[in-house]
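Being a predicted model, the structure only gives us computed values, none of them experimental.
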Amino acid sequence: MDDKLAQIAALAGKNDKIADKLDQMLTGPNDRAYVVCSFDDCKLHQKGRCTIYTVLDVPRMKTGQPCGGYERLSAAES
């Protein structure tokens, strides 16, 4: 990861409101959060944006076995 992008992602993780909200949401042992960040670089400053995706109760991986199938859901159903 680029050093500047790592700094942007670290700043998002240091925000108390974000950390508290994730603590409330991610309560199970299989809950996960993924951070996707981008930034605009300028000579004098950086401006970044991060999106945090949470996935609750992620099923355990079956080693050596592919997925049994996929199910298509629309945004209204999920």
Side-chain angles (χ1 to χ4, degrees):
M1 178 184 296
D2 182 83
D3 287 340
K4 292 180 182 179
L5 193 56
Q7 290 173 350
I8 300 289
L11 286 173
K14 290 182 181 179
N15 184 309
D16 291 337
K17 290 181 182 179
I18 294 173
D20 290 343
K21 187 63 176 177
L22 288 174
D23 279 343
Q24 291 173 2
M25 294 176 68
L26 305 174
T27 57
N30 295 327
D31 295 347
R32 302 287 183 265
Y34 301 93
V35 180
V36 178
C37 297
S38 63
F39 72 96
D40 298 322
D41 200 3
C42 179
K43 286 186 178 184
L44 301 177
H45 68 282
Q46 298 167 8
K47 183 178 179 181
R49 292 166 298 284
C50 292
T51 303
I52 301 173
Y53 298 93
T54 57
V55 183
L56 304 180
D57 199 21
V58 176
R60 294 182 58 84
M61 295 282 291
K62 295 179 183 177
T63 56
Q65 297 178 359
C67 293
Y70 293 92
E71 181 179 354
R72 180 178 212 99
L73 298 175
S74 68
E77 295 176 278
S78 53

**Prompt:** Can any side-chain N or O of Asp20 pair as donor or acceptor with the backbone N or O of Lys17 at less than 3.5 Å?
**Reply:** no
**Request:** Kindly give the heavy-atom pair with the smallest separation between Asp23 and Thr27, and that separation in Å.
**Result:** O-CG2, 3.9 Å
**Message:** Tell me the closest heavy-atom pair linking Cys37 and Val35, and the distance in Å.
**Reply:** SG-CG1, 3.4 Å
**Complete:** Between Thr54 and Met25, the two heavy atoms sitting closest are OG1-CE, 3.5 Å
**Message:** side chain to side chain contact (heavy atoms under 4.5 Å, CB included) for Leu56 and Arg32? Distances and angles first, verdict last.
**Reply:** CA-CA 6 Å; Leu56 304 180; Arg32 302 287 183 265; over 6 Å; no
**Min side-chain heavy-atom separation Lys21-Ile52 under 4.5 Å** = no
**Interatomic distance, Cys50 atom SG to Leu11 atom CG [nearest 0.5 angstrom]** = 8.5 Å
**Prompt:** Do you know which of Leu26, Val55, Val58 makes side-chain contact (heavy atoms from CB on, under 4.5 Å) with Asp31?
**Reply:** Leu26
